[in-house]
Amino acid sequence: MFFRDQSEMLPERPAPITEVGVIGWLRINLFSSYGNAALTLVSLALLVLIIPPFVSWGLIDAQFSGDSGAACSGIGACWAWLDQRLGQFFYGFYPADAHWRVNVTALLLVPALLYVLVDNLPGAKFGRWFSYVYPLLAAYLLVGGFGLEVISTDKFGGFMLNMVVGLTGIVLSLPVGILLALGRQSRLPVIRLLSITFIEAVRGVPLITLLFVAIVLLQLFLPPEVSLDQLLRVIIMVTLFASAYMAEVVRGGLQAIPKGQIEGAQAVGLGYWQTMRLIVLPQALRISIPGIVNTFIGLFKDTTLVIIIGLFDLLGHARLLQTNPDWIGDVDHEAYLFSAAVFFVICFLMSRYSVSLEKQLSQDRH
Amino acid sequence: MIATTRRVLSCAVLAAFALPGIMGTAHGATLDDVRAADELKCGINTGLAGFANTDDAGNWVGFDVDYCKALAAAVLGDASKIQYVSLTGKNRFPALQAGEIEVLARNTTWTFSRDVDLGLTFVGVNYYDGQGFLGPKSLGVSSATELDGASVCIQTGTTTELNLADFFRTHNMAYEPVPIETNSEARAAYEADRCDVYTSDASGLAATKATFDNPDDHMVLPEIISKEPLGPVVRQGDDQWADITRWVLNALISAEELGVTQANVEALAQKDGGSDNPEVQRLLGSEGSMGAMLGLDADWAARAIMAVGNYSEIFERHLGPDTRLGLERGLNALYSAGGILYSPPFR
């Protein structure tokens, strides 16, 4: 036969091997041009150079047991301290027989956060209320009183202290920041002037200076009987500091909202607060999410500054370990690495949440 | 130990703002405050090997911490009734001024301006320190005066920096400073041969050297180029409290001189069959009324020694050759043993 029977479709042929599968993926993503191929090879070489030595230092040659740095060989990492010191890294000087109170607080934090952060959870109505009550509950559990043994806040420490200062600051700085941002745009000159003064004054000064003033100088001017709790002073200062930055982030969002939106809202008879709550802020905050989370992450990392008032957060306990005669010189990298890893996890979670929130909100929009 | 420029700055801030405020604040008798609170608020370091640090159980231990314990034992009868307040170089003096602590035992150098100008009272010296040099033996240098042209690792913003400049200028030598932020970075830089020698306080150098893989390859050069007498500090203006803190320290030093230890203090303090040395009897309260003169009871010093031992025991426990810091007594030996540690008599 000379002619093929064309009444049937030709069978599908697989795409060329260079376009699909592993090879195709490699070709498209890693070797799409000579330049990219070179970059890929250089990156690979770097990874090969870095990862195996790091793994063998951090895990394979590492020492996981022992009473002091003398037990560590010096070839691999020294993780022997984890066994005895992990408690201090997470609970600080909080009494051991009360660690359960921190644990319960941490456990309850999970639902309290979820009900705020995630929509459409079962029992959402009750859950929201739980989230609102949670800060009081946490304060009661951690500090005590009403039947629980009172534990003074100078016993707070370790990662728990970072969480207490960081979360309180985050929860309080957003509303305060929004109010400041609105105040800065207010038509009432007194409010506007006060807001601008506050924002610029706080932004113009390093946090460490504010803390120093709150901790050291404040006490010199107050009578000795009046003693504001040190931790409370730190939380207030951290919150005020983050609020000033938050205000500017939110103001950026507010300015991106076209004036027509506000005029439209006024035209249908909405008052100032209704306009803001229903029309402007939902859009402005959505635009500001990356900046807001940026501020949160910065705030969370700033909590390590509590060391200047003699409170030992996670990093403080890492440094205590490094200067302990039993461990000195053997755990310099390890203690920092451990702290960095813990901070990374928290900050990375925050950043991931902000990405997912942005996605979710932009879907709502279309 | 190391006076930082930040400290100088905070002193300036204090002098400018704080002093008028303090003068207006009349502090009551500190002893009464301590007794009323049934707790001694003791200012310590935020973490310095051998002087103040936490053990695995999270308790503060160290040379300075033991002084707090001795004081609490003498005043309150219980070495555990202490609230430790960790202070940085920056906020230690303001904390003392503001009454947040009753005594500062934080390896603080006794200087003229602090004693006179800041309204503080240094009650004695519990550790004589000074700035020295650490170098590898392979450098072939046996004295700091041979360091012409050397590169020197140095913590920035400290008085050690100024001392170093003075030392090289007076000896007509040149040097190349390698500025470093913290002690652990300095150690790393020195180990990586980024500098020929590392300068810091001698106690810190010895501790640093002890952590090297081959400590015997390095040596602390004999020259000590500055005086750093460290000791407890109290607020000026309460002489009774200053006396108590001073004589608790002297009691620990005298106890070593008189052979009173943690183990034998109880036996020696017996009224019958105890020590027959009159000075020991006065120290431990079996004779005379020295405790009453201080406003304390008779066996105040015995309790302090029972709590932490004498000076030598405290030193050996936290700094001595058996610890990883491995410091020699050196200047801190008793005057009778080649050092300059000297307590006025209990008489």
Side-chain angles (χ1 to χ4, degrees), chain A residues 67-70 73-75 81 83-89 91-96 152 154-155 157-158 208 211-213 215-225 227 230 306-312 316-333 335-336, chain B residues 10 13-14 17-22 24-28 33 43-62 83-88 90-95 97-100 182-185 187-188 191 207-208 210-213 318-319 323-326:
Chain A
D67 292 332
S68 78
S73 60
I75 302 168
W81 50 273
D83 190 27
Q84 287 127 6
R85 293 281 175 149
L86 208 55
Q88 281 186 51
F89 272 56
Y91 301 105
F93 298 117
Y94 211 77
S152 117
D154 64 347
K155 299 271 183 250
I208 200 158
L211 287 177
F212 193 68
V213 167
I215 299 312
V216 178
L217 293 180
L218 197 63
Q219 195 63 36
L220 288 166
F221 301 120
L222 292 174
E225 309 85 72
S227 167
Q230 296 250 337
V306 294
I307 187 70
I308 72 151
I309 56 154
L311 291 179
F312 292 88
H317 277 281
R319 290 198 183 123
L320 270 182
L321 178 71
Q322 289 169 340
T323 57
N324 186 294
D326 286 339
W327 300 100
I328 191 168
D330 295 307
V331 293
D332 286 348
H333 305 71
Y336 278 143
Chain B
S10 70
V13 169
L14 256 184
F17 297 106
L19 286 180
I22 293 155
T25 324
H27 289 288
D33 293 348
I44 54 173
N45 201 298
T46 52
L48 179 67
F51 286 87
N53 208 287
T54 53
D55 64 9
D56 288 338
N59 302 309
W60 285 100
V61 290
Q83 185 190 338
Y84 294 106
V85 181
S86 300
L87 298 168
T88 61
K90 227 180 284 185
N91 62 3
R92 54 181 159 177
F93 299 128
Q97 303 283 21
E100 286 180 28
T182 68
N183 185 46
S184 54
E185 283 172 36
R187 188 174 55 223
E191 276 192 298
T208 302
T211 63
F212 288 151
D213 293 336
H318 299 298
L319 308 170
T323 68
R324 270 192 108 200
L325 301 183

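To find a chain, count down the sequence lines: A is the first, B the second, and so on, and within it residues start at 1. Both backbone and side-chain heavy atoms feed into the values below; hydrogens, waters and symmetry mates do not.
- Minimum interatomic distance between Thr88(B) and Ile307(A) (heavy atoms only, all atoms of both residues): CG2-O, 3.9 Å.
- Asp55(B) touches chain A through its backbone: at least one of N, CA, C or O sits under 4.5 Å from a heavy atom, while the side chain does not.
- Contact annotation for Ala57(B): only backbone heavy atoms (N, CA, C, O) come within less than 4.5 Å of a heavy atom of chain A.
- With a 4.5 Å cut-off on non-hydrogen atoms, Trp81(A) does not touch chain B at all.
- Annotation: salt bridge (Lys or Arg N to Asp or Glu O under 4.0 Å) contacts of Asp154(A) (sequence neighbours excluded): none.
- Shortest non-hydrogen contact noted between Ser86(B) and Phe312(A) is OG-CE1, 3.0 Å.
- Interatomic distance, Leu48(B) CG to Asn324(A) CG, rounded to the nearest 0.5 Å: 11.5 Å.
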### Task
List the steps, then state whether side-chain contact (heavy atoms from CB on, under 4.5 Å) holds for Arg324(B) with Asp330(A).
CA-CA 12 Å; Arg324(B) 270 192 108 200; Asp330(A) 295 307; 3.0 Å; yes
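- In this structure, Arg319(A) CZ and Asn53(B) CG are separated by 13.5 Å, a value rounded to the nearest 0.5 Å.
- Most heavy-atom pairs under 4.5 Å with chain B: of the set Gly87(A), Gly157(A), Gly69(A), this distinction falls to Gly69(A).
- Between Ala49(B) and Ile328(A), the shortest heavy-atom distance links the atoms CB-CD1, 3.7 Å.
- Of the N and O atoms on the side chains of Thr54(B) and Arg85(A), at least one donor lies less than 3.5 Å from an acceptor on the other residue.
- Only the side chain of Gln230(A) comes within contact range of chain B, judged by heavy atoms closer than 4.5 Å.
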